[in-house]
> 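Input: one structure, supplied below.
In the text below, chain A, chain B and the rest are named by the order of the sequence lines, each starting its count at 1.
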Number of protein chains: 2
Amino acid sequence: MLKKIREKRDQLNKSERKVADTILLNPSVVTQLSIAALAKSAGVSEPTVNRFCRSFLSKGFPDFKIQLAKSLVSGSLFVTRSVEKNDSAEQYTDKIFTSTIATLDAARKQVDVEAIATVVDHLVQAKQIAFFGLGASGSVARDAQHKFFRFNLPVVAYDDVLMQRMVAAASHTGDVIVIISYTGRTKDLVEIAQLANSTGATVVGITLENSPLAKVCPVVLSVPHVENTDIYMPMISRLTQLTLLDVLATGVTLKRGEGFHQHLDKIKQSLQSTRYAIEEK
Amino acid sequence: MLKKIREKRDQLNKSERKVADTILLNPSVVTQLSIAALAKSAGVSEPTVNRFCRSFLSKGFPDFKIQLAKSLVSGSLFVTRSVEKNDSAEQYTDKIFTSTIATLDAARKQVDVEAIATVVDHLVQAKQIAFFGLGASGSVARDAQHKFFRFNLPVVAYDDVLMQRMVAAASHTGDVIVIISYTGRTKDLVEIAQLANSTGATVVGITLENSPLAKVCPVVLSVPHVENTDIYMPMISRLTQLTLLDVLATGVTLKRGEGFHQHLDKIKQSLQSTRYAIEEK
DNA sequence: CCTAGGTAATAGTTTAGCTACAGTCGGTTC
DNA sequence: GAACCGACTGTAGCTAAACTATTACCTAGG
C-alpha cells in the first residue's frame, strides 16, 4: 500500500501529492485521524483527501484507513534492518529471524509455480537424481539427498567439482541433475550444467534469476535477491533453497500417491529402536 | 485479536456474546460493516456493539474495526493448513512456504534470548567448536561448520556416531559441543552429551524443549514443536535450527568486532577467480 | 412481593464524511 | 495578447453514522 502510494505519487497533482506526503510521513497515526484532521495537517480541503482515497481503489476514507492499517501490519512484519555493531542479543536475534522470514515471504510471492510443476514431473520419472552444490550450497545438496532418499528415490549428492563433472559427463536422458548455487556465478557449475545438457539429462538450476547459471539451465527455480548483501546473505539465501527443495519433495510425494506412506512408516520404524520412547502423560 | 475475543467470550453477557459470535463467524466482512449493520446481523442494538468494542480497549467502533483489520492480516499470514492429497502445485507450494514462515515466526517469539547470549559467550571463548547431528540434522551440523569456518573459528562437524563419541570423549574444558537433534530422543546423542559433560566441555543442545537431550544439556536452545507431525515435520524443524545457528554466528561476529571484516574480505577475494564477474549495466 | 441494580434498546445530538456546485488558475488556440 | 475551455481545488450543505443519555424492563436478592 505504502509502496503503491509512493509509486503513484509522481502522477498526482500537487494537492493530492501533499496528502500522499503527509500519509507517508507517518502512516500509523493517519489510521487514527479523521478526514478533517488529515486534511488540515496536509493543508488541503477534505474533499481533496476523499478524492485521493478513491484514486486508490477505496470506497471512501474509512475504507482507505482500513486498507492502510492492514498494509502497515504486513509491512511492519517485514521491515528488515541490518544487524548493527552494538545490537543486543535480543535485537540481532529478532533482526535475523525477521529478515529470514521476509526473504521467504518474498520467495513465496515470486515462485514460478509452473516451473515447480515441471520439475516435479521430471523428478517423478527420473531414473536417477543428482544434487550438485559447492560450499554452503553443498550442505543444501546433501540435505536434499537425505530428503529424497526418505521418499525412496534414486538420489545422490556431490559437493566436489570432480565428482560432479564425472557424474554430469556420464549422465543420460532420463537423469535429472539439480544444480544449487545462490549467485549462479561459479564457473565450474556453469560448465557442469552445459556438460550435462549435452548428454540429454534434464538440468534444473536453483539460483538467482538471470545469472550465468540460470541462462544455461533449461529449467530454473529462481531464488529472490537478498537485500542485505553483507555477511549474512549466504545464510539467508540457503533457507530459500531448502524450502524450494521441500516443496519439490512434497510435490513428488503427492504425485506418487498412496502406497507410499507404507514406505515412510518402514523408515520410521527402522529408527524406532535408536530412540527413547515418548513419555506418556 | 480474534484470540482475545474467543478467550473473553465466556465472560460476556448474552447480548455481547452474540456480537462476539457474529464477529468470529466472519471477521473479514465485519471490517466493511457499519455499526448498525453489525448490530442488525447480530440481533442486538447499536450501543451494545459499541459497549462491546470499548470492552476490547478500543476508543469506539471505527477504532475497533481498524484493530480487527490489522489482526486479520497478521492472522491470515500464519494460517497453516497441511498439504492434502489433491493439492495443485500452487496450493502445496503456498502451504509449505506458509507453514515454514509460521514455524519461524513461532520460533522467533519463543527464543530464549539469554540462552543465545550465553552460547555466544561460550563460542567466542571456545578453543574448539564441534557440531554433532545425525540424519537431516547432520546436514545442519555441516552447514554450521561452513558458516563458523567463514568466521574464522576453530570448528569441526561430525555426522557419524563413532567420531562424535571419540571427539566427545577427548574434549576438554573450553571446548564447546553443539548437539543438534529435532526430537532430542536419539539415544546415541544423549549418551554423547553425557560423555562430553563429564569431560568438562560445554554442551549446548539445539532441540525440543523437555526432550531427553534437553535434560542432559546444561544449555539448551529450544526449537518449537512443529504442528503438522506428518511427513513434512523434519523438513521444517531443520530451518529453525539453521536460523538459530545463523543467529549464533552473527552474535559471535558482533562480539569479535572490527578487524574481522578484513578476514571475510580475504575469503571473498579467494573465491573471486572461480566466478564470473557481475555484468555491468 | 417489593425494591434495587444492571442491562439493553431507543431516541437524540453531534460529528464526520460524501456530493454537488462554483470559482479560479493555467494552458492552448485563434 | 486575449479569450475560451478544461481541470483542479475549495466551500457549503446534506446525509448518515456513531456515541451518549435516558428510560424501561428483567432479574435477583432481601
> Nearest to the A:Asn50 side chain among C:dG17, C:dT10, C:dA20, which nucleotide is it?
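The answer is C:dG17.
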> May I ask you to test the A:Tyr92-B:Thr253 pair for a side-chain heavy-atom distance under 4.5 Å?
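The answer is no, as the side chains (C-beta and beyond) never meet within the 4.5 Å cut-off.
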> Nearest whole angstrom, please: distance from the P of D:dA17 to the CG of B:Asp63.
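Atom-to-atom, B:Asp63 to D:dA17, this comes out as 19 Å.
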> Counting side-chain heavy atoms from C-beta on, which of D:dT11, D:dT9, C:dG17 comes nearest to A:Arg51?
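Minimum distance to the A:Arg51 side chain belongs to D:dT9.
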> So how far is it from B:Asp63 CG to A:Gln32 CD, rounded to the nearest 0.5 Å?
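With rounding to 0.5 Å, CG (B:Asp63) is 6.5 Å from CD (A:Gln32).
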> Taking only side-chain nitrogens and oxygens of B:Thr48, does any of them come within less than 4.0 Å of OP1 or OP2 of C:dA9?
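Checking C:dA9 against B:Thr48, a side-chain N or O does come within under 4.0 Å of OP1 or OP2.
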> Round to a whole Å and report the spacing from NZ of B:Lys18 to P of C:dA8.
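From B:Lys18 NZ to C:dA8 P: 9 Å.
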> Would you mind writing out the side-chain donor-acceptor pairs for residues 47-56 of chain A within the sub-3.5 Å range, not counting sequence neighbours?
residue: A:Thr48; atom: OG1; partner: A:Ser45; partner atom: OG; Å: 3.0
residue: A:Asn50; atom: OD1; partner: A:Arg54; partner atom: NE; Å: 3.1
residue: A:Ser55; atom: OG; partner: A:Phe52; partner atom: O; Å: 2.6

> Ignoring backbone atoms, establish whether B:Arg54 has a side-chain N or O less than 4.0 Å from OP1 or OP2 of D:dT20.
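Looking at the OP1 and OP2 atoms of D:dT20, one of them is under 4.0 Å from a side-chain N or O of B:Arg54.
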> Can you tell me how far P of C:dT24 sits from NZ of A:Lys14, to the nearest Å?
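Rounded to whole Å, this separation is 15 Å.
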> Report yes if at least one side-chain N or O of A:Asn13 is closer than 4.0 Å to OP1 or OP2 of D:dT9; otherwise report no.
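The answer is yes; a side-chain N or O of A:Asn13 sits under 4.0 Å from OP1 or OP2.
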> D:dC8 C1' sits how many Å from A:Gln11 CD, rounded?
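The distance from CD of A:Gln11 to C1' of D:dC8 comes to 17 Å, rounded to the nearest Å.
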> Send over the distance from A:Glu46 CD to D:dT9 P, rounded to a whole Å.
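Those two atoms, CD and P, are 15 Å apart.
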> So, OP1 or OP2 of D:dC8: does either fall under 4.0 Å of a side-chain N or O from A:Ser15?
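No, outside the criterion.
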> So that I can tick it off, tell me whether B:Arg238 and A:Asp246 are bridged by a salt bridge, with the cut-off set at under 4.0 angstrom between side-chain N and carboxylate O.
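Yes, charged N to carboxylate O under 4.0 Å.
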> In this structure, are over 12 heavy atoms from other groups packed under 6.0 Å from B:Lys8 atom NZ?
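Above 12, so yes.
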> Mind calculating the distance between CZ (B:Phe64) and P (D:dA18) to the nearest angstrom?
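Going from CZ in B:Phe64 over to P in D:dA18 covers 13 Å.
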> Salt bridge or not between B:Asp21 and B:Lys18? Use side-chain N to carboxylate O under 4.0 Å.
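No, no charged N to carboxylate O under 4.0 Å.
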> In whole angstrom, what separates A:Lys65's NZ from C:dG17's P?
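The answer, rounded to whole Å, is 6 Å.
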> Return the nearest nucleotide to the side chain of A:Ser45; candidates are C:dG17, D:dT11, C:dA9.
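The listed nucleotide nearest to A:Ser45's side chain is D:dT11.
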> Once you round it to whole Å, what is the distance between P of C:dG17 and CZ of A:Phe61?
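From A:Phe61 CZ to C:dG17 P: 6 Å.
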> Short of 4.0 Å, heavy atom to strand atom, which residues of residues 30-44 of chain A count as contacting DNA chain C?
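Only A:Ser34, A:Ile35, A:Ala36 qualify.
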> Is there side-chain contact between B:Leu244 and B:Ile116, with heavy atoms separated by less than 4.5 Å?
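Heavy-atom side-chain distance check passes, below 4.5 Å.
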